[in-house]
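One structure is given below, encoded as structure tokens.
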Amino acid sequence: MTIDKNLDDWQKNELAASLDRFPERREEFTLHGGSEVQRLALPEAIDDDYLEHLGFPGRYPFTRGVQPTMYRGRLWTMRQYAGFSTAAESNKRYRYLLDQGTTGLSVAFDLPTQIGYDSDDPMALGEVGKVGVAIDTLADMETLFSDIPLDKISTSMTINSPAIVLLAMYIVVAEKQGISADQLRGTIQNDVLKEYVARGTYIFPPNPSLRLITDIFQWCNPNMPLFNTISISGYHIREAGSTAAQEVAFTLANGITYVQTALDAGLELDQFARRLAFFFNASSNLLEEVAKFRAARRLWARIMKNRFDAQNPSSMMMRFHTQTAGNTLAAQQIDNNIVRVTLQALAAVLGGTQSLHTNSRDEALSLPTESSVRTALRTQQIIAHESGVADTVDPFAGSYYIEQLTDDIELAAKELIGKIEQAGGVVACIENGFIQRQIEQAAYDYQKEIESGERVIVGVNRFQIDEEEKPELLRVDPKVEDAQIAGLQEIRAERDEDEVQAQLATLKLAAESDSNLMEPILDAVRAYASLGEICSVLREVFGEYRD
Amino acid sequence: MATPTSKEILAGLLRQDPRAIGRAISAVENNSASAADILSALDQEAIERILVLGITGPPGAGKSTLTSTIIRALRKEKKRVGIIAVDPSSPISGGAILGDRIRMMDHALDTDVVVRSMATRGRLGGLCASAGAAVRIMAAAGCETIIIETVGVGQSEMDIIRLADITLMILAPGFGDDIQAMKAGLLEVADFLVVNKSDLPGADALCMDMEQVFRDKQEKDGIHRVLQTVASENQGIDHLLAAIKALASHLEASGIKAERRHKAMDAETMDWVMELLRPQFIQAMTDKPGRQDPRIRAKELIHEFSTIQHDE
Amino acid sequence: MAEQEQKNPYRVLIGKPGLDGHDRGAKFIARALRDEGFEVIYTGIRRTAAEIAATAIQEDVNAVGLSSLSGAHLRLFPEVISELRMRGGEDIPVLGGGVIPVEDIQELLEAGLSAIFTSGTPAKDIICSFTEACRKHADGDTDQ
Ligand SMILES: Nc1nc2c(ncn2[C@@H]2O[C@H](COP(=O)(O)OP(=O)(O)OP(=O)(O)O)[C@@H](O)[C@H]2O)c(=O)[nH]1
Ligand SMILES: [Mg+2]
């Protein structure tokens, strides 16, 4: 008998009887965003052209992963985002993490640093050292990496609008360690477009920001061939409340914009494309997340091949970092967060991530303590060494449901990208608020579901308890702000002021022309010009963006 | 804290105290007891001297951004500026998100920029009354130019625009449907047509299209009526301001401004009539539910009302 | 659910002092308040305490809501209160929310905050607190 006939028969008999006796838990099962979850996926859900849609790992369209052996060869990089208070404190935490078996560093900067303000700027009040480490001058960066051999590790830096300055500092620190730029491995986030729609650490308007990004691509291409010059991030878009399909769509649309900008600036596609990296969110719906990663990888490969005519397969490969979803962490019964993180991390691994950050259980309350960071790292190690999921490639492939969902997400994302392009592209859609409105609406709908109890969050809107015990929290000493400011003033007093002013003047001229800004910024950094001083020069020339 | 009396509020207005300005506007907006005292004591001459600009156009055309750049230009001339930013109230909840403020935050600490966000509060035309009062309060508190920003869709916008001496319609490339919808009504009342976002493709074509619509007005007084701006980059503002000033003196000299003010006052008065009568009629309707044709019922209510008034 | 009984909507300002750009919560609350009949002035992200206070005064709001997720609340929330005070707005209640450890709540209340919300506080509780704060403020002010 055919499936159809059997299906019909099953529906009339077993299914009908069962529904009769045990109605389903909900009238309709939906994903965030409203699309329906089927009761039962069937073989016909799968497009049968295996080679066209799935193929082999390490081969176009990379649905099954970017390496032929995936984690059988090398496990993903376990990279824990960390940094707080002063460079010296953060340096200690990094060395602890390296001792514990982390394989890559991930630097969190405080907000003033991310927005190009020195610690003594009035705008920095109360924020110094809070969500990351404060970096004012090269001196801080030297402390941050002291006794860490930069040629042995890979470093990821979450820095966007002023990425060019922090990258310059990193290069100079290496220089002083006797390591040349071409040996440096790592990633800078450098994805400004998503700042306008989701994360808010913009400084300059979109066009000059895109120029800075292109300048980085251009300089790094010959000088820093092992370094990923951008990490195109959906993470924060999802944190801001988007759906999974929107996360893919807006991230890839930003990616398209960066590629086009670089091409317009005369860069060679197959030279810079392999240095593009991506960064996604792993949220709580395990199946949807696995499908999302696979869909994103396939869609990007198709875009690079068909739209941009990439020749080199590595230009079509989407390599990405993943972080578990911060917004899903609850402030109540915080140990439950360990379980959430485990499921999310599992989704990332089953989705084929290249590196992973697992959140700590106490992050809904404050910065994580050392012991919760360790548990978060252990979670990854257990998945890697005990769960068995790392021993075969793309284990979910062929699941009727996962394949169908992969197709659905790819299609939805593709359609949304089409809409953005029709409306004039990403920059136009940021300016007219189209993207922000979509995310805002999705976030609003989601929160409404939680408020009404339709969506259950364990320990938050169901299964609550009275909590007595207060968890141990890590706090940044408010004195850190004063100490950091004192340090900055010391540097300002010691450095050769004429040299600083001369370098800043040169930088201004360069910014007004259209020459590459990397060299003048390297020189300014070497002279211990501060991040705030350098950004002020650029603000003067480029103007400031305000939402 | 003790509630300020209307006297204290009036004294505050003269001192240009932001707290007093805010409270005075709330008093009128909420139709509270002190409103009449405040309004009747305002300096009428100050009100006659000011210039009221109306800024309207489809959502997202750049009205608030443009308003912010106009503020900046006027502040360079040391002018004290008032802004009334109107957003629609939700017909369901009666609440509103007043979002224009975001683009004017650059001026938040400038004490010579007085901003008030107002919701339409679902009153038919009633907004005209409270916005008109807000204009006069700001004038009494020393504002020389007052800008009213409102989204250019619907009837209440037309009412607001009536308060303005000069009305600017803001358009931008890519708003084709909105523009078609406006051609009939709003475009006619506008004195200037500003094609904002002229950095985007399609601006020139839009300008040419609009030149046609405005040809007659333009030929009459020789003042350029269709102008281009890039509000987000502060471009075209000097031209725009020069044209506004030229028209302002023309309107002043020709007596048109006085005529417009006159009409505005009449419209506002009408609003107040409706606003003040409404509660009594609502009461009358609840007291005497009726099933007749609404028009007939209305006539009866009015008839009864005037007899009662007469008897009193 | 807290319905507004009075005829004039309460006016509130929702502001984000400091530098963090995570406005998901602030925007949600702004909309939820709108849906309960409030008139909400939203300032956008990255505002100084002085800007927020000056705006609140100009707009004659009944209450100010602040959101901060970067851990800077102990510095920034009281700063808004003192800026309000400086401008004669000591009567305007200030409510705050964000990633706020329990042990900070007392300190903030002592600094003059009317209410503190942490992650997981249901929206209806937040709206109730705003209604309460606005009602108190409006009652002390016969102009409402
Ligand atoms: N490209 C470009 N964008 C602009 C220009 N002027 C404003 N914008 C952008 O357009 C968007 C909307 O601007 P607003 O000033 O808020 O528009 P509005 O007409 O006041 O909108 P509503 O009050 O919502 O009706 C913002 O993202 C501005 O940055 C311009 O001249 N060029
Ligand atoms: Mg506006």
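Bear in mind the structure is a predicted one, so any value in this text is a computation, not a measurement. Only heavy atoms go into these numbers, but all of them, side chains included; no hydrogens, no water, no symmetry mates. Chain identifiers are assigned alphabetically (A, B, ...) following the order of the sequence lines, protein sequences preceding nucleic acid strands; residue numbering begins at 1 within each chain.
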Non-hydrogen atoms of chain C under 4.5 Å away: do they reach the side chain of [X], the backbone, both or neither?
X: A/A240; result: backbone
X: A/P112; result: both
X: A/L365; result: backbone

Under 4.5 Å from any heavy atom of chain A - which part of C/I45: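 Looking at C/I45, backbone and side chain both touch chain A.
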Distance-only donor-acceptor pairs under 3.5 Å across chain A and chain C:
{"unit_1": "A/E127", "atom_1": "OE1", "unit_2": "C/S70", "atom_2": "OG", "d": "2.6"}
{"unit_1": "A/E127", "atom_1": "OE2", "unit_2": "C/L19", "atom_2": "N", "d": "2.6"}
{"unit_1": "A/E127", "atom_1": "OE2", "unit_2": "C/S70", "atom_2": "OG", "d": "3.4"}
{"unit_1": "A/G200", "atom_1": "O", "unit_2": "C/R46", "atom_2": "NH1", "d": "2.6"}
{"unit_1": "A/Y202", "atom_1": "O", "unit_2": "C/R46", "atom_2": "NH1", "d": "2.7"}
{"unit_1": "A/Y202", "atom_1": "O", "unit_2": "C/R46", "atom_2": "NH2", "d": "2.9"}
{"unit_1": "A/E239", "atom_1": "O", "unit_2": "C/R24", "atom_2": "NH1", "d": "2.7"}
{"unit_1": "A/Q332", "atom_1": "NE2", "unit_2": "C/S119", "atom_2": "O", "d": "3.2"}
{"unit_1": "A/E440", "atom_1": "OE1", "unit_2": "C/K27", "atom_2": "NZ", "d": "3.4"}
{"unit_1": "A/Q441", "atom_1": "OE1", "unit_2": "C/R31", "atom_2": "NH1", "d": "3.3"}
{"unit_1": "A/Q441", "atom_1": "OE1", "unit_2": "C/R31", "atom_2": "NH2", "d": "3.2"}
{"unit_1": "A/Y444", "atom_1": "OH", "unit_2": "C/D35", "atom_2": "OD2", "d": "2.2"}
{"unit_1": "A/E451", "atom_1": "OE1", "unit_2": "C/A123", "atom_2": "N", "d": "2.7"}
{"unit_1": "A/E451", "atom_1": "OE2", "unit_2": "C/A123", "atom_2": "N", "d": "3.2"}
{"unit_1": "A/R475", "atom_1": "NH1", "unit_2": "C/D104", "atom_2": "OD1", "d": "2.9"}
{"unit_1": "A/R475", "atom_1": "NH2", "unit_2": "C/D104", "atom_2": "OD1", "d": "3.0"}
{"unit_1": "A/R475", "atom_1": "NH2", "unit_2": "C/D104", "atom_2": "OD2", "d": "2.8"}
{"unit_1": "A/R546", "atom_1": "NH2", "unit_2": "C/I45", "atom_2": "O", "d": "3.1"}
{"unit_1": "A/R546", "atom_1": "NH2", "unit_2": "C/R46", "atom_2": "O", "d": "3.3"}

